[in-house]
Amino acid sequence: MFMFTELALQSPEEPRSQQFISAMLSALLLASQVTGYGIGGAAVSASSMRSHVSMSALDEPLLLRAARGEKVERTPVWMMRQAGRHMACYRALVSKYPTFRERSETPDVSLEVSLQPWRAYGVDGVILFSDILTPLPAMGVGFQISEGGAVAIEPIRTREAFKRMTDHGAFNPQRDVPFVGEVLGKLRTAVKGSGATVLGFVGLPFTLGTYLIEGATGTKTGFAETRALRESNPSLVKDILSLLAQNIAQYACYQIESGAQVIQIFDSWAGHLEPAEFDTWAAPYQKAVVDGIKAKHPNVPIIVYMAPDKHSRGGALLTRLAKSGVDVISVDHTIDLGEAKKLLAAAGYPKISLQGNLDPELLRDGTPDEIKAATEKILKAAGDTGHVMNLGHGIEPTTPEPNAAFFVNTVHAFDHEKAKALA
């Protein structure tokens, strides 16, 4: 695998470009044979893998084109949380780098983890291994994450506490989180010529704001502290969200300028809000971040994702997400993708691109036939224009690696023209 990485660093303009493509092809074909990833009729053929790997130096990556709403020759695929605990090679790093922040903030380690699913599965998107909380120290807010995922932050619930952010000085990600830019730049080099797209990501103000106010993940208490502060001191909450929006837009631009070709923005906890609350506490700040990114990088696609929650299940808030001005909505698995497409078209968004939306529990527990049937149903509903295949939530940590590989191979093998002819 390390030799594979060295070959991947060769420039496509160099004489060794053909050796690179052949080596990548051989390595991925061998992996599918050894692990049995080709089960259930989605085996990786030499011709399909070669078309996946090779790319003219003049072409833009498949996922980038799909995110822009273009018709593509094959649906691109990646998986949220693809770099992480479901992979044995990631778990092997834990003993040497025992904390999440070590793994995500040490450039060589973050780079290695980011590339692991690309090497193993041939995904079309390579996303930075990081966290939505990563930029907080650059805003004057420290945090800790346990191996179990528990977050600890000194809460901000008063004007005095908010001074930790306002008195910190200008937000400067280049200076304070330089490892993020370093890894993104190296990712672009590593996947150059392969057809893969490098993605960056950020958390949106409402979701980040809940961590600051709660001092932890607020799901266990129903975001009680956030609700209480919205009622007792709404101006403070709005000031926190406004400052986050300004800094997060800048952070996303920093990622783009460092190498990210697409940005995914996460408002994971906004589905906890009722529609009217969403319009006040989430929507304006989502739009502020999107507007800030588009002002500097109008052609970079932005994907938005919100986890399924009390008020967002079944696509209940999809049209509100579309109003933010994003290019792509990542749809969760609680609504059929075809229904999501119709719902958005009826609301005046017929051309917005979609991402998703296989149920991650099906991927974890399903048989090959079940995974294949559900995946192909989504691909048929989405069509060959403006769709990036993904899950409806992050991949489950206990998902077998062969299942993940089978899912990716199923997407790669799907032929939209044949599907149309048989319809």
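In this chain, residues are counted from 1 in sequence order.
One N or O on the side chain of R188 and one on the backbone of G259 form a donor-acceptor pair closer than 3.5 Å. Counting only distance, with no hydrogens or angles, the side chain of D309 and the backbone of S312 share no donor-acceptor pair below 3.5 Å. Between the side chain of Y254 and the main chain of G181, a donor-acceptor pair closer than 3.5 Å is present. For the pair D384 (side chain) and R74 (backbone), a donor-acceptor distance under 3.5 Å is absent. Side chain of Q355 to backbone of I303: no donor-acceptor contact under 3.5 angstrom is found. In this structure a side-chain-to-backbone donor-acceptor pair under 3.5 Å is missing from T207 to L204. Between the side chain of D336 and the main chain of E339, a donor-acceptor pair closer than 3.5 Å is present. Side-chain N or O atoms of S232 include one that pairs as donor or acceptor with a backbone N or O of A228 at under 3.5 Å. Remark: the backbone N or O of S353 is not paired with any side-chain donor or acceptor of R68 at under 3.5 angstrom. Between the side chain of E214 and the backbone N or O of E225 there is at least one donor-acceptor pair closer than 3.5 Å.
The heavy-atom pair separating W118 from A190 by the smallest distance is CH2-O, 3.8 Å. Heavy-atom minimum distance, A381 versus K341: O-NZ, 3.7 Å. Here the closest heavy-atom approach between residue R364 and residue P400 is recorded as O-CD, 3.5 Å. When all heavy atoms of V326 and L321 are compared, the closest pair comes out as CG2-O, 4.0 Å. The two residues S114 and L187 make their nearest non-hydrogen contact at CB-CD2, 3.7 Å. Across all non-hydrogen atoms, the minimal contact from L63 to G125 is CD1-CA, 3.8 Å.
For the side-chain contact (heavy atoms from CB on, under 4.5 Å) test, no residue two or more places apart in sequence or in another chain qualifies with P178. Take E73 and apply the side-chain contact (heavy atoms from CB on, under 4.5 Å) test, not counting sequence neighbours, and it matches L62, R65. In this structure, F171 has no ring pair (Phe, Tyr, Trp, His ring centres under 6.0 Å) partners at least two apart in sequence or on a different chain.
Using a 4.5 Å heavy-atom cutoff, the side chains of L358 and M389 are in contact. Residues I335 and V331 are in side-chain contact: their nearest non-hydrogen atoms beyond the backbone lie under 4.5 Å apart. With a 4.5 Å cut-off on side-chain heavy atoms, F406 and V408 do not count as touching. Considering only heavy atoms from C-beta on, W269 comes within 4.5 Å of T217 through its side chain. Within the 4.5 Å cutoff, side-chain heavy atoms of T210 are placed close to those of F206. Side-chain contact between S330 and V304 is absent, with no heavy atoms from C-beta onward closer than 4.5 Å. Side-chain contact between L273 and K310: absent, with no pair of heavy atoms (C-beta onward) separated by less than 4.5 Å. The shortest side-chain heavy-atom distance between L343 and T319 falls under the 4.5 Å cut-off.
In this structure, Y305 has its ring center no closer than 6.0 Å to that of F201. The aromatic ring centroids of F129 and F100 lie less than 6.0 Å from each other.
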Worksheet item: What do the steps show when you test D124 against H412 for side chain to side chain donor-acceptor pair (under 3.5 Å), and what is the final call?
Response: CA-CA 10 Å; D124 299 295; H412 285 170; 3.3 Å; yes

Discussion item. I'd like to know whether T75 forms a side chain to side chain contact (heavy atoms under 4.5 Å, CB included) with V388, so could you lay out the CA-CA distance, the side-chain angles of the two residues, the decisive distance to 0.1 Å, and finally the verdict.
Written reply: CA-CA 6 Å; T75 299; V388 176; over 6 Å; no

Worksheet item: Between M80 and N390, does a side chain to side chain contact (heavy atoms under 4.5 Å, CB included) hold up when you go through it step by step?
Response: CA-CA 7 Å; M80 288 185 285; N390 206 309; 3.8 Å; yes

Discussion item. Side chain to side chain donor-acceptor pair (under 3.5 Å), that's the test. Do E277 and H311 meet it? Break it down for me.
Written reply: CA-CA 10 Å; E277 294 174 329; H311 298 291; 5.4 Å; no

Practice prompt. Apply side chain to side chain donor-acceptor pair (under 3.5 Å) to E102 and T99, showing your working.
Written response: CA-CA 5 Å; E102 281 183 277; T99 71; 3.2 Å; yes

Practice prompt. Evaluate the criterion salt bridge (Lys or Arg N to Asp or Glu O under 4.0 Å) for residue pair K186 and E182; output intermediate values, then yes/no.
Written response: CA-CA 6 Å; K186 288 181 176 179; E182 181 180 344; 3.0 Å; yes

Discussion item. Walk me through whether D327 and I352 qualify under side chain to side chain contact (heavy atoms under 4.5 Å, CB included).
Written reply: CA-CA 6 Å; D327 304 276; I352 197 164; over 6 Å; no

Item to complete: Report the C-alpha distance between E396 and L363 in whole Å, list the side-chain angles of each, state the deciding distance to 0.1 Å, and finish with yes or no for side chain to side chain contact (heavy atoms under 4.5 Å, CB included).
Response: CA-CA 8 Å; E396 294 286 340; L363 181 63; over 6 Å; no

Practice prompt. Would you check, one step at a time, whether the test side chain to side chain donor-acceptor pair (under 3.5 Å) holds for E60 with Q261?
Written response: CA-CA 10 Å; E60 289 188 309; Q261 295 163 287; over 6 Å; no

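A donor and an acceptor atom, one from each side chain of D108 and S110, are nowhere located under 3.5 Å apart. Checked by atom type, the side-chain pair D332/T334 shows a donor-acceptor distance below 3.5 Å. Checking S324 against Q286 by side-chain atom types alone, no donor-acceptor pair falls below 3.5 Å. Residues Y121 and W78 bring no donor and acceptor atom of their side chains to less than 3.5 Å of each other. H86 and T398 share no side-chain donor-acceptor pair at under 3.5 Å.
Here R101 does not pair with D131 in a salt bridge; the nearest charged N to carboxylate O distance is not below 4.0 Å. Of the charged side-chain nitrogens involved, at least one lies within less than 4.0 Å of a carboxylate oxygen, so that E376 and K372 count as a salt-bridged pair. Ion pair K163/D167 not flagged as a salt bridge, since none of the NZ, NE, NH1 or NH2 atoms sits closer than 4.0 Å to an Asp/Glu carboxylate oxygen.
The distance from the OG1 atom of T399 to the CD atom of Q82 is 12.5 Å, given to the nearest 0.5 Å. Distance check, rounded to the nearest 0.5 Å: NE2 of H416 to OG1 of T385 gives 8.5 Å. Separating the CZ atom in F414 from the CG atom in L379 is a distance of 5.0 Å, to the nearest 0.5 Å. Taking OH of Y90 as the reference point, atom CD of E401 lies at 13.5 Å (rounded to 0.5 Å).
Around atom CZ of R85, no more than 12 heavy atoms belonging to other residues, nucleotides or ligands sit under 6.0 Å away. The neighbour count for K420 NZ, taken as heavy atoms of other residues, nucleotides or ligands under 6.0 Å away, is above 12. For K294, the NZ atom is densely surrounded, since the number of other residues' heavy atoms within 6.0 Å is greater than 12.
For the pair R230 and F223, the cation does not sit on the ring face, since its NZ or CZ is not both under 6.0 Å from the ring centre and inside 45° of the axis.
The salt bridge (charged side-chain N to carboxylate O under 4.0 Å, His left out) test with E112 singles out one residue from R103, R119, K96, and that residue is R119.
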